[in-house]
Amino acid sequence: MSINITKTPTVLVALLKADFIVLWRNRRANMMSILMPLIIVFSWKGFIPQFGGAFVLANGITLGIIAIGLMGYANAVARDRDKGVFQRLRVSPLPLWTIMASRLLVQLSMILLLTIVVFIAGYQLDGILMPAAGYLVTFFVSLVGGALYLSLGQAIVGRVQTPETVSSTTRLIYLAFIMTGMLGQFDYFGIDFKKIVDWSPYGTVKTILAYSFEPSKWNLQATGALMLTMAYTIVFATLGIKWFRWSGK
Amino acid sequence: MVDIHHKNILQVEGLNVRYGNVQAVKDVSFYVQQGEIFGLLGPNGAGKTSTLSAIEGLTQQQSGTVTVAGYDTLKNPRFACAAMGVQLQSTSFQPELNVAEILELYASIYGLSLNRQQLQAMLKEINLSDAENKKFGQLSGGQQQRVSLAITTIHDPSLVLLDEPTSGLDPQSRRQLWSRIESIREKGNGVVLTTHSMEEAEAVCDRISIIDHGSIIATGTPQMLIDKHRNDPDVIAVSRRGKVTLEDVFIALTGSEIRA
């Protein structure tokens with residue numbers, strides 16, 4: 001009699017396959033994460049002459065990323081934890097990190113899809129066209145921004161136990177980001193508030209996305225925003241991993 | 001790859017589990033041999049599930065050793081895990097996945113690839129040929145238990161842990177599950193099951209331990225325990241119609257009061 005341990009890549013592929021099926025079967029709910037950015041791209045057409053196309057697309061992608069990280073990822077993890085899905089996987093001979101890695105990779109692919117959809121909508125609806133390098137850098141930067149909101153989602157699902165409370169918490173935070181982030185950047189609440197918004201998780205992600213569309217204009221402010229985005233990610237991820245419990249019971 | 005030549009497929013020694021101020025498992029020791037069905041009986045909150053959780057690696061043990069197929073669960077958790085098949089008290093799978101997809105997922109995790117014929121054979125074996133495309137949540141309790149047991153044994157594990165597997169099942173489903181558990185034993189694998197049903201313990205288990213307040217208070221074959229305690233005044237006091245059963249012994253040893 002002998003014991004064989006399945007190779008980690010094989011396990012990861014199996015988990016990815018299952019998680020992509022789940023993503024596909026939830027496509028209607030996931031479309032909501034893409035719908036909001038499309039509304040922004042469509043309704044903010046009037047801002048393009050004043051702020052530029054990059055500003056509009058950056059805001060749209062940022063909102064989509066927040067929805068995916070907070071509502072898509074955190075809520076799914078909270079539900080599966082409550083149902084005992086993770087406990088069943090934990091008694092299988094797989095490295096625990098593969099369970100979360102698979103889910104995160106699926107959400108990151110969703111962020112890439114969102115970015116592509118916003119690019120297409122930006123071109124079709126508003127005629128926004130960028131240099132090729134801009135598209136490539138934006139893909140990378142949207143993943144960096146996505147990591148921030150996925151780590152924030154991880155922190156929330158770590159701190160809050162029940163799926164219902166996770167759902168209401170993520171909705172509340174999403175709303176807070178929309179209200180303060182979108183309105184704050186227009187000086188509606190004063191210059192000090194605008195500065196806070198600019199260096200908040202909303203502002204830093206929006207800034208790096210806006211500069212990524214035109215890499216030649218990348219400056220110190222963009223680098224600062226990138227550094228801060230990564231710092232937020234590390235803090236939220238550390239807290240999320242520290243607080244996380246595999247079982248909801 | 002490591003060769004295993006252990007008669008005792010599970011060895012638990014001096015196991016202690018603590019949740020905060022509560023000592024859930026106190027110095028528990030037992031073994032399970034190959035081809036043996038071992039029952040862990042106890043009232044609610046006695047420590048059955050905590051003991052199983054510690055063996056499965058879901059709960060951190062305070063002290064003691066657990067060895068599965070020769071692998072220490074703390075030193076070689078993945079090998080110990082691979083030697084086990086576990087059916088949790090309340091198992092769930094992602095509700096968006098159908099039965100075939102769930103079976104394929106767990107087969108892959110154990111390094112097995114199921115082709116179409118193997119998958120259909122497996123579904124036929126658990127009488128779910130027509131449920132291939134049904135979501136897990138759409139199945140009845142008995143069907144869910146069959147899927148769950150199929151996944152538990154998909155890799156032909158040396159040790160199968162079943163936490164109250166027949167809870168909530170109708171008599172037909174329960175009898176069918178007993179047959180499946182017995183077929184696991186016939187293959188030479190060990191089985192640990194927890195149950196509240198004394199009828200089940202008598203019908204299926206080769207040996208049982210009664211656990212209460214985190215400690216094992218009696219171990220033996222069902223008949224051995226009945227014979228040993230047959231003349232105890234507490235057993236006679238609770239026995240009905242003059243015949244001593246395992247349930248009488250269980251109640252006499254663990255008390256008549258209802259547990260939370």
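Below, chains carry the letters A, B, ... as their sequence lines are ordered, and counting in each starts from 1.
A donor-acceptor pair under 3.5 Å links the side-chain atoms of A:T6 to the main chain of B:I109, judged by distance alone.
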Assess the residue pair A:R88 and B:T152 against the criterion (side chain to side chain contact (heavy atoms under 4.5 Å, CB included)); give the C-alpha distance rounded to whole Å, side-chain angles, the decisive distance to 0.1 Å, and a yes or no. CA-CA 10 Å; A:R88 187 63 194 79; B:T152 300; 4.0 Å; yes
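Put simply, the side chain of B:E101 reaches to within 4.5 Å of the side chain of A:I21, judged on heavy atoms. For the pair A:L89/B:Y106, a side-chain contact is recorded, criterion being any heavy-atom separation below 4.5 Å from C-beta on. Side chains of A:P93 and B:F79 form no contact here, defined as non-hydrogen atoms less than 4.5 Å apart.
Salt-bridge check for A:K83 with B:E96: failed, with every basic side-chain N at 4.0 Å or more from each acidic carboxylate O.
Residue A:F20 places its CZ atom among more than 12 non-hydrogen atoms of other residues, nucleotides or ligands, all under 6.0 Å distant. Heavy atoms from other residues, nucleotides or ligands lying under 6.0 Å from CZ of A:F244 number more than 12. The neighbour count for B:Y19 OH, taken as heavy atoms of other residues, nucleotides or ligands under 6.0 Å away, is above 12. Under a cut-off of 6.0 angstrom, the local environment of CD in B:E125 is sparse, with at most 12 non-hydrogen atoms contributed by other residues, nucleotides or ligands. Taking a 6.0 Å sphere around CZ of A:R27, one finds it holds more than 12 heavy atoms contributed by other residues, nucleotides or ligands.
Heavy-atom distances place both the backbone and the side chain of B:Q94 under 4.5 Å from chain A. Of the atoms belonging to B:I151, heavy atoms from both backbone and side chain fall under 4.5 Å from chain A.
When every heavy atom of B:N98 is checked against every heavy atom of A:R25, the shortest pair comes out as N-NH1, 4.2 Å.
Contact count against chain B (heavy-atom pairs under 4.5 Å) is highest for A:V22 among A:T98, A:L94, A:N26, A:V22.
Between the SG atom of B:C81 and the CD1 atom of A:I5 there is a distance of 8.0 Å, given to the nearest 0.5 Å. To the nearest 0.5 Å, atoms NE2 (B:H155) and CD1 (A:I3) are separated by 7.5 Å.
Taking non-hydrogen atoms and a 4.5 Å limit, the residue list of residues 49-63 of chain B in contact with chain A, ordered by number, reads B:E56, B:G57, B:L58. Applying a 4.5 Å heavy-atom cutoff, the residues of residues 11-19 of chain A that approach chain B are A:V11, A:A14, A:L15, A:K17, A:A18, A:D19.
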